[in-house]
Amino acid sequence: MLMNTVIIAVICLDLHLHTPMYLFLCSLSIIDMCYTTVTIPKLLYILLSGNNTMPFTQCLIQMYFVLTATSAEITILLIMAYDRYVAICHPLHYHQILNKKICILLILVTWIGGNINSSFITNSILKMIFCSSVTIHQFFCDAKALINIACGGTEMFYIISYAEYLVFVFCPVMCSLLSYVQIIRVIQRITSKDGRRKAFSTCSSHLIVMAIYYGSGVSVYMTPPSDRYAILEQILTMFYSTVVPVLNPLIYSLRNKEINSSLRKLVS
């Protein structure tokens, strides 16, 4: 959370970083802070107090904000891929295509889409029937963990989930991949070796973040719902929802000369 706060502060205070790429990076840092803010405090309370109970309403609220952050992060990663596509494939029209109004609109779409998606899923959870078991084998209220203990009323959840996978998983991943296919084609046409290296370096951080995020996310949701894999699923979920948000600012800050330079100026 500290690194995310530092990145947000540096981007807000340095006027040279008031560009589309850094605006989207700032949004990513805010989303990552939401992840840890929603899950970590309750987890620490459970570990310190030994009281691992949670009211159903509180569980739904936590799940709502986790789902909102998840949907928003997927969308912002797609927008950042599009940002790199425009910057490398259409550099002369970059500021015309991604002007201030468009950037603000994209950020609004990120949060509105996340809240709408989360509302649909949370509403479908309310229609489920929970019988004898009220124990979820997870460190926060997760939709997958709740569906595992439901004994009825899951039809709406599955319909919404399939639509969600199409809109918030398949389409963003495919669009991001297509963006990078075009980016690689353009980079290959650059005659200068130094030019190719510089062009690719502007995308490398985003590629790493995207690979870690999608890789860990797919691992969590592809884990079979079995007691044999319960510990593995919890470890993967912990990595996906707490470690990845911490890694994102480290990857961007360590590999970004402009952020490091701005940070040194602000500190000195």
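Just so you know, these numbers use all the heavy atoms, side chains as well, and skip hydrogens, waters and symmetry mates.
- Judged by distance alone, the side chain of Ser204 and the main-chain N or O of Ser201 form a donor-acceptor pair under 3.5 Å.
- Heavy-atom contacts from other residues, nucleotides or ligands closer than 6.0 Å to CE of Met128 number more than 12.
- What you find for Met33 and Thr5 is that their closest heavy atoms are CE-OG1, 3.7 Å.
- Just one of Leu13, Ile30, Leu28 meets the side-chain contact (heavy atoms from CB on, under 4.5 Å) condition when paired with Ile8; it is Ile30.
- Ile183 places a side-chain heavy atom less than 4.5 Å from the side chain of Cys203.
- Side-chain contact check for Arg84 versus Ser179: every heavy-atom pair is 4.5 Å or farther apart.
- Here Leu67 contributes atom CG and Ile121 contributes atom CD1; the two are 5.0 Å apart, rounded to the nearest 0.5 Å.
- Atom CZ of Phe120 has 12 or fewer neighbouring heavy atoms from other residues, nucleotides or ligands inside a 6.0 Å radius.
- The shortest side-chain heavy-atom distance between Leu43 and Phe140 does not fall under the 4.5 Å cut-off.
- A donor-acceptor pair is defined here as one N or O able to donate and one able to accept, closer than 3.5 Å; such a pair exists between the side chain of Asn99 and the backbone of Gln96.
- No side-chain heavy atom of Tyr22 sits under 4.5 Å from any side-chain heavy atom of Asp14.
- For Arg197, the side chain to side chain donor-acceptor pair (under 3.5 Å) partners two or more places apart in sequence, or in a different chain, are Asp194.
- Note: Thr19 OG1 to Leu98 CG = 10.0 Å, rounded to the nearest 0.5 Å.
- A donor-acceptor contact under 3.5 angstrom links the side chains of Gln182 and Arg185, judged on distance only.
- Under the 30°/60° scheme for interplanar angles, the aromatic rings of Tyr180 and His206 are found to lie parallel.
- No continuous path of ILVMFWY side-chain contacts below 4.5 Å connects Leu77 to Leu105, so the two sit in separate hydrophobic clusters.
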Derivation and outcome, side chain to side chain donor-acceptor pair (under 3.5 Å), residues Ser176 and Tyr82: CA-CA 7 Å; Ser176 296; Tyr82 178 67; over 6 Å; no
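- Minimum interatomic distance between Pro172 and Leu78 (heavy atoms only, all atoms of both residues): O-CD1, 3.7 Å.
- Cys59 has its SG atom within less than 2.5 Å of the SG atom of Cys141.
- Looking at Tyr35 and Glu73, their side chains come closer than 4.5 Å, going by heavy atoms from C-beta outward.
- Following chains of ILVMFWY side-chain contacts shorter than 4.5 Å, one can reach Leu177 starting from Met80, so the two form part of one hydrophobic cluster.
- Scanning both residues, Cys103 and Leu23, for their nearest heavy atoms gives CB-CD2, 3.5 Å.
- Under the 4.5 Å side-chain criterion, counting only non-hydrogen atoms from C-beta, Val169 is not in contact with Glu164.
- Expressed to the nearest 0.5 Å, how far CG of Leu25 lies from OG of Ser205 amounts to 9.0 Å.
- Side-chain contact between Phe24 and Leu106: present, with at least one pair of heavy atoms (C-beta onward) separated by less than 4.5 Å.
- When every heavy atom of Thr110 is checked against every heavy atom of Ala72, the shortest pair comes out as CG2-O, 3.3 Å.
- Side-chain N/O atoms of Asn248 and Tyr213 include no donor and acceptor closer than 3.5 Å.
- A donor-acceptor pair under 3.5 Å is absent between the side-chain atoms of Asp83 and the main chain of Ile79, judged by distance alone.
- Shown here is Phe170, whose CZ atom has no more than 12 heavy atoms of other residues, nucleotides or ligands within 6.0 Å.
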Pair His90-Tyr85, ring-ring contact (aromatic ring centres under 6.0 Å, His included): steps then yes or no: CA-CA 7 Å; His90 304 283; Tyr85 163 76; 5.5 Å; yes
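- Side-chain atoms of Thr154 never come within 3.5 Å of backbone atoms of Ala150 as a donor-acceptor pair (strictly under, hydrogens ignored).
- Going from atom CD1 of Ile112 over to atom CG of Asn117 covers 13.5 Å, rounded to the nearest 0.5 Å.
- Residues Tyr94 and Met21 are in side-chain contact: their nearest non-hydrogen atoms beyond the backbone lie under 4.5 Å apart.
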Criterion side-chain contact (heavy atoms from CB on, under 4.5 Å) on Ile212 and Phe239, from CA distance to verdict: CA-CA 10 Å; Ile212 293 172; Phe239 181 82; 4.1 Å; yes
side-chain contact (heavy atoms from CB on, under 4.5 Å) assessment of Leu60 paired with Phe56: CA-CA 6 Å; Leu60 285 177; Phe56 187 62; 3.5 Å; yes
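- Atom NE2 of His18 has more than 12 neighbouring heavy atoms from other residues, nucleotides or ligands inside a 6.0 Å radius.
- Summarising the geometry of Thr122 relative to Ser118, their closest heavy-atom pair is OG1-O, 2.7 Å, with the distance given to 0.1 Å.
- Within the 3.5 Å criterion, the main-chain N or O of Thr68 finds no donor-acceptor partner in the side chain of Ser71.
- In the hydrophobic clustering of ILVMFWY residues, with side-chain heavy atoms under 4.5 Å counting as a link, Phe157 and Ile129 come out apart.
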Test log, rule side-chain contact (heavy atoms from CB on, under 4.5 Å), inputs Ile31 and Thr70: CA-CA 8 Å; Ile31 293 165; Thr70 303; over 6 Å; no
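- Heavy-atom contacts from other residues, nucleotides or ligands closer than 6.0 Å to CZ of Phe200 number 12 or fewer.
- Here Leu207 contributes atom CG and Ile251 contributes atom CD1; the two are 11.0 Å apart, rounded to the nearest 0.5 Å.
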side-chain contact (heavy atoms from CB on, under 4.5 Å) evaluation trace for Met63 with Asp142: CA-CA 6 Å; Met63 186 183 66; Asp142 179 54; over 6 Å; no
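- Linking ILVMFWY residues whenever their side-chain heavy atoms come closer than 4.5 Å, directly or via other members, places Val6 and Leu17 in the same cluster.
- Using a 4.5 Å cut-off between side-chain heavy atoms of Ile, Leu, Val, Met, Phe, Trp and Tyr, with links allowed through other members, Val38 and Met54 fall into different hydrophobic clusters.
- Interatomic distance, Cys171 SG to Ile74 CD1, rounded to the nearest 0.5 Å: 11.5 Å.
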